[in-house]
Amino acid sequence: MVLTLVPQPASVTEGSGTLVLSPATRIVIVDGADAAASVLSDVLAARTGLRPDVVTDPPSDGDLVLRRTDDDGESYRLEIGARVEITGSDAGLFYGVQTLRQLLRVKDGVWSIARASIVDAPRYAYRGVMLDVARTFFDVATVKAFIDRASSLKFNHLHLHLTDDQGWRLHIDSRPLLTEKAAGTSTLGRPGGFYTKDDFREIVGYAAAHHMVVVPEIDLPGHTHAIGLAYPDVVEAPVMNDMLLAQSESLGQPLPVAGEPYLGWGVGHSSVRIHEDATWEFLRDVLSEVAEIAPGPYLHVGGDECLGTPAADFDAFIERVTALTAELGKTPVAWHEAGSAQVAEGTVGQFWGSSTPTAEHAEHTRRFAERGGRVILSPSTRAYLDMKYTADFPLGLTWAAIIDLESAYSWEPEEIVPGLDAEAILGVEGPLWSETIPSLADIDQLFFPRAAALAEIGWSPASAKDWASFRDRVGGLGAVWDAEGWGGHRPSEIDWSPR
Ligand code: ACM
C-alpha cells in the first residue's frame with residue numbers, strides 16, 4: 001500500500017496493519033505538548049468526529065502520544081505501531097500531526113492509520129506561499145482558510161502582497177487616507193477592503209499557531225497607483241510609453257488615470273516620487289508601522305516591474321528603501337530586479353524569472369548572495385500558482401507559462417540560477433496572484449494540487465524526487481482534501497481514486 005504523504009518525508013518505513021481509533025483513544029501529552037494536542041484534537045474532531053480526552057497520564061497502547069522536545073527545529077519522528085508517538089519541538093509536533101492527518105482513513109465507519117515509522121526534517125528553512133490581497137481583497141476568514149491549506153503541506157511562510165496599483169489593504173494610523181480612499185475597489189471593479197490592525201494581528205496570530213511567519217509586502221517604488229488616490233503628492237503621474245500603451249491595448253483594458261481607481265491589470269506604469277522628501281516621510285511612516293505590527297524577521301519592499309522608472313532612479317530608491325527597512329530592524333526582501341542596486345547587506349532576493357533565466361535576471365539574483373543575503377526561488381514558469389494548468393483552464397493567466405502538475409513538480413532549485421551557490425538558497429515560494437480569482441473556491445482551484453508539488457520541492461530531500469511516486473501519492477490525497485472540505489482542481493492525468 002502506498003502511504004499518501006506529500007511532501008514525502010525524509011525517511012519512511014512502512015509497517016504492516018493499522019492502528020484503529022476508537023472513542024477510547026486518548027491524546028497523551030508529554031513535556032508540555034499542549035499546543036500540538038489541541039491541533040491534533042481539532043483535526044480528529046473535524047475529520048473523524050472523535051474528540052479524544054487529552055491527558056498527562058503514562059501512555060498505554062492505543063494512545064496518541066505527543067512528546068515535546070526543547071529545541072526550535074522543524075524535525076519530528078512519527079511512530080505508528082500499537083500506539084502513535086510523535087516526538088519533536090512545537091513546530092516538529094505540528095508537522096507530525098499534519099503527516100498523521102494525511103494517513104487517516106475510514107472504512108465501514110471505523111477510523112484507522114497505517115502503521116509506519118517516519119523520521120522527517122525539511123530541506124529548506126523557507127517554504128512560502130504568497131497571496132495577492134491587493135488585486136482582489138480577501139477577508140480574514142479567507143486568509144485563515146488559506147493558512148489551513150498551506151500549513152497542512154508544511155509551508156511555513158505566508159507572504160501577503162498587501163499593496164498594488166489596484167488597492168491598499170492595511171490600515172496605517174499615521175496615513176489614514178490610504179484605507180479611507182485607496183482600498184475601495186479590486187481588479188475589474190470587484191469589492192475592495194482592507195485589514196484593520198486588529199485584523200492583521202489576528203492573521204499573524206493564526207499563522208503563528210500554524211507555524212507560519214507572515215511576510216508583509218509593501219510593493220515599491222512601482223505598483224503604487226493606489227497611493228495617489230490618498231496622497232497624490234507622493235506618486236508620479238502614470239507613465240505611458242510605447243511599451244505600456246501596447247500592453248494596455250493587448251489586455252483590452254483602460255489606461256490608468258491619476259486620482260482614479262485602476263481596475264485593469266497592466267503593470268509598470270506607476271512609481272512613487274523617488275527624490276522627494278515627502279515620499280521618504282511617507283515611507284518611514286508606513287514601513288515603521290508595518291515593521292511594528294509584523295513580528296517576523298522579514299519586510300518585503302517589492303522592487304518589481306518599474307517599467308517607466310529610469311535605472312539610476314530605481315537603484316537609488318532600492319538602496320535607500322532597503323537601508324531604511326534594515327534600520328527599522330527587519331531583513332528586507334525584494335524581487336530580483338532590485339539586485340541591480342546596492343541593496344542593504346543581507347537583503348533577501350526573490351527570483352521570479354523563468355526557470356531558464358536571462359543572464360540579467362540571473363546576475364541580479366546572484367547580487368543578493370554577493371551582498372550577504374540569500375535567495376527565495378519563485379520561478380514564474382514553474383512555481384507561480386496563478387498560471388493556467390491548460391490553455392482552456394477557466395482561471396489564471398498565461399504570461400509566464402501554462403503549468404501542468406508535472407511541470408510544477410519537475411524542477412530542481414539548485415539548477416535554476418546559474419552560478420548561485422546552493423547555500424545561498426533560502427527556500428522556495430509559490431505566489432498566487434489574484435487578478436482572476438474572486439473567491440476561496442477559485443483559490444483552491446489554482447492551489448490544489450500544484451502547491452503540493454511545490455511543498456515537496458521545498459521540504460523533501462532532493463533524492464526523494466520522483467514524479468511517478470508523487471503522482472501516486474498526490475492522487476491518493478485528493479480524497480483526503482475532499483474530506484477536509486478543500487476543493488481544487490483534479491487534473492485527469494492523475495488517478496484520484498481513494499486509497
Ligand atoms: C511579479 O510577478 N511581478 C513579481
Side-chain angles (χ1 to χ4, degrees), residues 126 128-136 157-167 169 187 215-226 239 243-244 247-248 251 253 256 262 264-272 298-309 314 317-318 321-322 332-341 343 347-358 360-362 364-365 367-368 375-388 396-403 408 416-417 426-437 446 450 454:
Y126 188 108
V129 284
M130 189 207 83
L131 187 61
D132 172 7
V133 297
R135 268 53 171 272
T136 300
H157 285 79
L158 172 67
H159 171 179
L160 286 177
H161 184 74
L162 289 167
T163 67
D164 212 303
D165 293 315
Q166 295 81 356
R169 308 301 181 199
T187 305
V215 181
E217 180 186 356
I218 305 297
D219 201 352
L220 299 164
H223 292 273
T224 43
H225 179 87
V239 175
M243 179 174 58
L244 292 163
Q247 172 189 252
S248 166
L251 289 173
Q253 292 175 348
Y262 179 60
W265 64 65
V267 295
H269 44 76
S270 56
S271 178
V272 295
Y298 302 117
L299 203 174
H300 202 308
V301 291
D304 58 325
E305 297 178 313
C306 297
L307 306 181
T309 308
F314 176 76
F317 179 88
I318 292 295
V321 81
T322 55
V333 186
W335 298 108
H336 71 247
E337 290 101 310
S340 64
V343 293
T347 298
V348 169
Q350 184 166 10
F351 170 81
W352 65 279
S354 134
S355 51
T356 50
T358 64
E360 186 182 62
H361 290 177
H364 287 165
T365 304
R367 289 274 185 78
F368 291 91
V375 169
I376 297 163
L377 293 167
S378 301
S380 50
T381 53
R382 304 302 189 111
Y384 267 34
L385 295 169
D386 63 311
M387 292 296 117
K388 290 181 185 288
L397 299 174
T398 55
W399 59 263
I402 289 169
I403 306 178
I416 297 293
V417 180
L426 183 60
V428 298
E429 183 179 295
L432 184 47
W433 304 96
S434 62
E435 290 93 333
T436 68
I437 47 170
L446 291 171
R450 277 184 306 204
L454 184 69

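Remember, it's 1-based here, ligands and their atoms both numbered in the order they're listed. The shown structure was predicted, so the numbers you read here are calculated from the model rather than taken from an experiment.
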Problem set entry | Arg450 side chain to Tyr384 backbone, donor-acceptor under 3.5 Å | no
Exercise. How would you list, by chain and number, the residues with a heavy atom under 4.0 angstrom from ligand 1?
Worked result: Asp304, Glu305, Trp335, Trp352, Tyr384, Trp433
Exercise. What residue among Asp165, Thr224, Leu307 forms side chain to side chain contact (heavy atoms under 4.5 Å, CB included) with His269?
Worked result: Asp165
Exercise. Distance-only, no hydrogens or angles: does the Thr347 side chain make a donor-acceptor pair with backbone N or O of Val343 under 3.5 Å?
Worked result: no
Exercise. How far apart are the C-alpha atoms of Glu429 and His157, what are their side-chain angles, what is the distance that settles it, and do they pass the side-chain hydrogen bond (donor to acceptor under 3.5 Å, both in side chains) test?
Worked result: CA-CA 8 Å; Glu429 183 179 295; His157 285 79; over 6 Å; no
For this session: Go through the steps for Glu337 and Trp352 under the test side-chain hydrogen bond (donor to acceptor under 3.5 Å, both in side chains), then give the verdict.
Result: CA-CA 9 Å; Glu337 290 101 310; Trp352 65 279; 2.8 Å; yes
Seminar exercise, completed: Sorted by chain and number, sequence neighbours left out, salt bridge (Lys or Arg N to Asp or Glu O under 4.0 Å) with Arg135 holds for Asp132, Asp164, Glu435
